[in-house]
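Please read the structure below before turning to the comments.
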Amino acid sequence: MISQQKFTTVIIVLLFLIVSLSFSQEKPKIDAGLKEKTINKICKMLTENYVFPETANKISEYLKTQSNTNAYDNITDPVEFGEILTSDVQSISKDKHLRIRYSPEDAKRMKESEGQRPDPEREKEMLQMMKAENFGFKTVERLSGNIGYVDFRYFGDEEVIKETVASVMKFLANTDAIIFDLRLNGGGSPTGIRLICSYLFGDTPVHLNDLYFRPTDETEEFWTLRKVDGKKMPDIPVYVLTSSFTFSGAEEFSYNLKNLKRAVIVGETTGVGAHPGGTMPVNNDYVIFMPGGRAINPITHTNWEGTGVTPDVPVTSEKALETAYVIALKKLADNIKDDITKKRYLWLAESITASINAPVLDEKTMQSYTGTYGNRKITYDSASCITSAGKDKNML
Amino acid sequence: MTPISEDTFMFKDLDYFRLRIDKDANGNVTGVTGLYDNGDKESSQKTN
């Protein structure tokens, strides 16, 4: 028995050592040489590609100063080094798109595919992943009062999402207002933004946004499409919900519709990121998201970098849906002549308002309401719950 | 029952109906009135 215990202990110690050794072998470390090479390459890439050359120079100067003053000397974890570099480049640029990440797998894949046509297998995998997430569309719903609601988490490329968008917009085609929930939307493709915006304007193309790219010195214009799969809804009231998480392409969607006075933005100031770009390999270990472009709105001639998109109706993101819902119902009530329908909209608006600002009644008041009222009975229990039940099962 | 004011309540999943507590001039509860979103009402006196 004792020898068996000793044997078991030895096994456990051995296993622990093996696991410890394998962990120590698996956890990579970064040396001074790789850190210096990574910084130099990032500086070169920024100088050649970053949307603002002067800012690129400032970032480069800062990174080199940091390196020369030994700021990175104690870092041995390559992941941490990427995070600190990101923090440092963003401290100068204030550009949240500009990010450096330790990922030998992505760096290797990108380097191997440079100058080559996209790998069909990889594209198939990506498509499958997007399908599994319904191309970002999480919820589409018809709320009471015939208000449409759609919650989606990113904007895929137009060609990839158009069938899903068509099905979503067809579902919403008979609603009297639409609420687009972008509170958890991190952005995406400008062609996807254009596609969804196109449902909200008439047949005449509307200038939504321009994207200028420094590496090619070209500007791409984005106008609404003349035709979409489904019904265009140029007159339907539109509301966009935002949060501080709403970022990049989701901000463009909000900014476009706000400046075209096509939507009311309800929620929080957005996350601040107006510089599109793409991920590039730095070396065999690191990749960088390089913002090579900037949005130029045709109305404001600028964008939301540095400010975010400010809401028309500022409210915490938690209350944005109910707030927009109430505004939508009141607008519908204002615009309808039929008195009964108007009362129903206002009735519903009052209920929604109460759901987020319900008054708190004291126990004495609630106790005073208990009793029998003809066929109806009101009871109150210690869990502060007041209920009403009719003798007839269909009666409240 | 969720209060929307001190004397009016709404019900989850029944957005067309509310219940109002009726009181006399002294604040004593005298009955309830069921309110419907189409304007219909039905009152019941307190019996117990």
Side-chain angles (χ1 to χ4, degrees), chain A residues 142-147 322 325-326 329 332-333 338-381 383-396, chain B:
Chain A
R142 180 186 161 276
L143 305 175
S144 294
N146 203 28
I147 310 287
E322 289 79 6
Y325 192 6
V326 168
L329 289 166
L332 291 174
D338 171 43
D339 204 39
I340 290 178
T341 310
K342 186 190 287 280
K343 277 182 181 168
R344 281 189 170 138
Y345 283 136
L346 294 175
W347 168 284
L348 198 50
E350 194 178 37
S351 297
I352 304 303
T353 303
S355 72
I356 52 172
N357 297 308
V360 178
L361 304 187
D362 60 49
E363 190 174 335
K364 187 181 169 191
T365 303
M366 286 196 283
Q367 286 281 14
S368 73
Y369 294 163
T370 61
T372 303
Y373 301 84
N375 290 330
R376 185 177 279 120
K377 189 171 185 179
I378 295 178
T379 55
Y380 172 73
D381 68 23
S384 301
C385 180
I386 189 163
T387 55
S388 164
K391 283 183 181 170
D392 179 336
K393 66 177 181 179
N394 294 318
M395 185 180 183
L396 290 161
Chain B
M1 290 170 67
T2 304
I4 65 170
S5 68
E6 187 169 310
D7 58 10
T8 307
F9 296 82
M10 62 182 184
F11 295 79
K12 196 181 176 198
D13 299 328
L14 288 168
D15 54 31
Y16 60 87
F17 181 78
R18 289 178 193 158
L19 194 67
R20 188 185 68 210
I21 309 292
D22 299 325
K23 298 175 185 174
D24 63 19
N26 297 321
N28 299 315
V29 176
T30 57
V32 294
T33 300
L35 309 170
Y36 294 84
D37 65 351
N38 62 0
D40 286 354
K41 294 178 184 177
E42 54 171 31
S43 295
S44 305
Q45 293 298 308
K46 188 170 185 181
T47 51
N48 186 13

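Everything numeric here is computed off the predicted structure, so don't read it as measured data.
If you measure heavy-atom distances from B/Asn28 to chain A, you find no contacts under 4.5 Å at all. Of the atoms belonging to B/Val29, it is side-chain heavy atoms, and not backbone ones, that fall under 4.5 Å from chain A. With a threshold of 4.5 angstrom between heavy atoms, A/Thr353 does not approach chain B through any atom at all. Of the atoms belonging to B/Ser43, not a single heavy atom falls under 4.5 Å from chain A.
To the nearest 0.5 Å, the span separating CD1 on A/Ile378 from CD1 on B/Ile21 amounts to 4.0 Å. In this structure, CD1 in B/Ile4 is found 12.0 Å from CG in A/Asn357, a value given to the nearest 0.5 Å.
Heavy-atom minimum distance, B/Thr47 versus A/Gly374: OG1-N, 3.5 Å. Taking all atoms of both residues into account, the shortest heavy-atom contact from A/Ala358 to B/Pro3 is CB-O, 3.9 Å. Scanning all heavy atoms of the two residues, the minimum distance from B/Tyr16 to A/Trp347 falls at O-CZ2, 3.4 Å. Scanning all heavy atoms of the two residues, the minimum distance from B/Met10 to A/Ala354 falls at CE-CB, 4.1 Å. Shown here for A/Ser368 and B/Lys46, the closest heavy-atom pair between the two residues is O-NZ, 4.1 Å. When every heavy atom of B/Glu6 is checked against every heavy atom of A/Tyr369, the shortest pair comes out as O-OH, 2.8 Å.
Side-chain N/O atoms of A/Ser144 and B/Asp15 include a donor and acceptor closer than 3.5 Å.
A/Ser351 is listed as a side-chain neighbour of B/Arg18, based on a closest heavy-atom distance under 4.5 Å. For the pair A/Lys343/B/Asp37, no side-chain contact is recorded, criterion being any heavy-atom separation below 4.5 Å from C-beta on.
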Requested in this report: Tell me, with the steps shown, if B/Phe9 and A/Leu361 meet side chain to side chain contact (heavy atoms under 4.5 Å, CB included).
Outcome: CA-CA 11 Å; B/Phe9 296 82; A/Leu361 304 187; 3.6 Å; yes

